[in-house]
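Worksheet for the structure shown next.
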Amino acid sequence: MGNLPSFAGMNNLERVSMRSMKLTGTIPATIAQLPQLRYLDLAFNHLHGPIPEFSNTQLRRLILAVNNLTGEIPATLSTNTNLQVLCVF
């Protein structure tokens with residue numbers, strides 16, 4: 001078990017898949033601000049807290065299922081016209 005890294009400064013990162021890695025903690029806001037991120041899969045972990053505001057409009061797939069996330073789905077996700085998959089159950 002470990003915390004999710006911040007990914008700060010990794011501005012060319014396009015894909016992050018850390019499914020089922022027993023991650024704990026919260027989703028850092030820095031990952032939601034990566035300008036080139038297109039795919040983020042953090043499903044089947046032990047993450048908690050709110051889903052951060054994603055300022056990235058390149059994001060196409062966001063998979064956060066089977067965690068302990070709380071709060072509402074950020075409004076920024078509903079205005080992202082590139083988003084094809086949103087899985088948060």
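Predicted model, so just to flag it, every value in this text is computed and none were measured.
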Check whether any side-chain heavy atom of [X] sits under 4.5 Å from a side-chain heavy atom of [Y], and report yes or no.
| X | Y | result |
| --- | --- | --- |
| N67 | F44 | no |
| Q84 | R61 | yes |
| I51 | V88 | yes |
| L23 | M18 | yes |

Separation of [Y] [atom2] from [X] [atom1] (nearest 0.5 Å):
| X | Y | atom1 | atom2 | result |
| --- | --- | --- | --- | --- |
| L42 | L62 | CG | CG | 7.5 Å |
| F89 | L69 | CZ | CG | 12.0 Å |
| R38 | Q58 | CZ | CD | 5.0 Å |
| T30 | F7 | OG1 | CZ | 8.5 Å |
| L77 | T79 | CG | OG1 | 7.5 Å |
| I27 | H48 | CD1 | NE2 | 10.5 Å |

side-chain contact (heavy atoms from CB on, under 4.5 Å) for F54 and L40? Distances and angles first, verdict last.
CA-CA 11 Å; F54 279 80; L40 178 60; 3.9 Å; yes
Ignoring hydrogens and angles, tell me if any N or O in the side chain of [X] forms a donor-acceptor pair with the backbone of [Y] under 3.5 Å.
| X | Y | answer |
| --- | --- | --- |
| N68 | G49 | no |
| N45 | A43 | yes |
| N56 | L34 | yes |
| T26 | P28 | no |
| T76 | E53 | no |

Is the charged tip of R15 near the ring of Y39: under 6.0 Å from the six-membered ring centre and within 45° of its axis?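 Output yes; distance and angle both within limits.
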(request) State whether a side-chain donor-acceptor pair under 3.5 Å links T57 with N82. (result)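 There is no such pair (donor and acceptor under 3.5 Å, judged by atom type) between the side chains of T57 and N82.
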Point to revise | Same cluster (ILVMFWY, side-chain, under 4.5 Å), I73 and V85 | key: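 I73 does not cluster with V85.
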Query raised in the report: When C87 is tested against each of V66, I63, L64 for side-chain contact (heavy atoms from CB on, under 4.5 Å), which residue passes?
Result: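 Testing C87 for a side-chain contact (heavy atoms from CB on, under 4.5 Å) against V66, I63, L64 leaves exactly one candidate, I63.
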- request: Taking all heavy atoms of P74 and all of P52, pick out the closest pair and write down the distance.
  value: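 The pair with the smallest heavy-atom distance is CG-O, 3.3 Å.
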